[in-house]
Amino acid sequence: GQRSPRGYFVSAGYLCAGLAVLTALYVISLRPVERQKRSMAIAEHALRTGQVGKARTMLQQAADADRWSPDAILWLADHYRGRIVLQSAAPANRQQWDASLREAKLRGGHDPAVYRMIGIQQLHVSHRHGDPADLAAAADTFGDAVAWSPSNVWMLAQMAVIADAQDNAEQAQELGN
């Protein structure tokens with residue numbers, strides 16, 4: 001069999017459609033992940049060698065590269081948490097940290113592991129500076145995480161400790177059982 005010209009056009013159409021799908025997959029999915037991983041690796045090396053400014057820049061690039069992943073934005077939030085804990089709770093540090101946490105929550109969806117990491121950061125800042133708002137924020141974050149993962153004993157224990165610190169003995173007792 002001889003192929004008709006129409007058959008060649010149909011085959012070429014399928015080939016073009018397939019190439020378009022593969023190109024879209026690469027541009028939308030694979031390239032952002034590759035860029036994020038590369039930027040995070042550079043950031044990790046910069047942190048190990050004491051180049052904190054470069055690390056922060058690369059973490060921001062990693063967060064911008066993959067708008068769906070919470071990984072880089074969590075690292076960036078942790079950078080600002082470290083500045084707040086070790087240096088000061090200056091408004092600029094606090095604003096960057098809060099913005100990073102909000103973005104991490106958006107990207108994390110209903111992932112209790114992401115919320116656990118956020119809650120840990122909030123608890124650390126709360127312990128360092130003693131601001132009841134940070135403790136309340138940690139309680140809210142862990143509350144969401146427990147709603148999505150009610151059998152996570154570690155997070156339930158954190159909630160019990162937070163309730164006790166907030167002078168809510170009844171809730172602490174209930175969570176502790």
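Any value given below was found using the heavy atoms of this structure, including those in side chains, with hydrogens, waters and symmetry copies removed. Residue numbers start at 1 and run along the sequence shown.
To the nearest 0.5 Å, atoms CD1 (I42) and NZ (K54) are separated by 6.5 Å. The CD atom of Q166 sits 7.5 Å away from the CD atom of Q171 when rounded to the nearest 0.5 Å. Atom CG of residue L175 and atom CE of residue M155 lie 12.5 Å apart, to the nearest 0.5 angstrom. With rounding to the nearest 0.5 Å, the separation of CG in L106 from CZ in R67 is 10.5 Å. If you take CG on D71 and CG on L76, they are separated by 12.5 Å, rounding to the nearest 0.5 Å. The distance from atom CG of L135 to atom CG of L123, rounded to the nearest 0.5 Å, is 6.5 Å.
In H45, the NE2 atom is not crowded: 12 or fewer heavy atoms of neighbouring residues, nucleotides or ligands sit closer than 6.0 Å. Within 6.0 Å of the CD atom in Q87, the count of heavy atoms belonging to other residues, nucleotides or ligands exceeds 12.
Side-chain heavy atoms closer than 4.5 Å link hydrophobic residues (I, L, V, M, F, W, Y) into clusters, and following such links, even through other members, never connects Y115 to F142. Cluster annotation: V85 is not connected to L47 through the hydrophobic network of ILVMFWY side chains, with a link wherever side-chain heavy atoms come within less than 4.5 Å. Under a hydrophobic-cluster definition in which Ile, Leu, Val, Met, Phe, Trp and Tyr are linked whenever side-chain heavy atoms come within less than 4.5 Å, directly or via other members, L59 and W97 are assigned to the same cluster. Residues V153 and W148 fall into different hydrophobic clusters, defined by Ile, Leu, Val, Met, Phe, Trp and Tyr side chains chained together at heavy-atom separations under 4.5 Å. Linking Ile, Leu, Val, Met, Phe, Trp and Tyr residues whenever their side-chain heavy atoms come within less than 4.5 Å leaves M159 and M117 in two separate clusters.
Each of R116, K105, Q121, Q158 was compared with T141 under the side-chain hydrogen bond (donor to acceptor under 3.5 Å, both in side chains) criterion, and only K105 meets it.
The backbone N or O of V146 lies less than 3.5 Å from no partner atom in the side chain of S149, so there is not a single donor-acceptor pair. Without hydrogens or angle criteria, T57 side chain to G53 main chain gives a donor-acceptor distance under 3.5 Å. Put simply, the side chain of R107 gets close to the backbone of A63: a donor and an acceptor are under 3.5 Å apart.
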Item to complete: Give the intermediate values and the outcome of side-chain contact (heavy atoms from CB on, under 4.5 Å) for residues R94 and V125.
Response: CA-CA 10 Å; R94 174 60 82 155; V125 170; 3.7 Å; yes

Discussion item. Between Y80 and R56, does the side-chain contact (heavy atoms from CB on, under 4.5 Å) criterion hold? Intermediate values first, please.
Written reply: CA-CA 9 Å; Y80 289 112; R56 183 181 63 243; 3.2 Å; yes

Fill in: Evaluation steps, side-chain contact (heavy atoms from CB on, under 4.5 Å), between L86 and R128
CA-CA 9 Å; L86 296 175; R128 173 64 175 91; over 6 Å; no

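Between P150 and A147 the shortest heavy-atom distance is CD-O, 4.0 Å. Counting all heavy atoms, side chain and backbone alike, L101 lies closest to A77 at CD2-CB, 3.7 Å. When all heavy atoms of A104 and L74 are compared, the closest pair comes out as CB-CD2, 3.8 Å. A pairwise comparison of heavy atoms in A137 and Q122 identifies O-OE1, 3.3 Å as the closest pair. The shortest heavy-atom contact between M40 and A62 is CG-CB, 3.5 Å.
H124 is not listed as a side-chain neighbour of D134, based on a closest heavy-atom distance of 4.5 Å or more.
A salt bridge links E44 with R48; the closest basic N to acidic carboxylate O contact falls under 4.0 Å.
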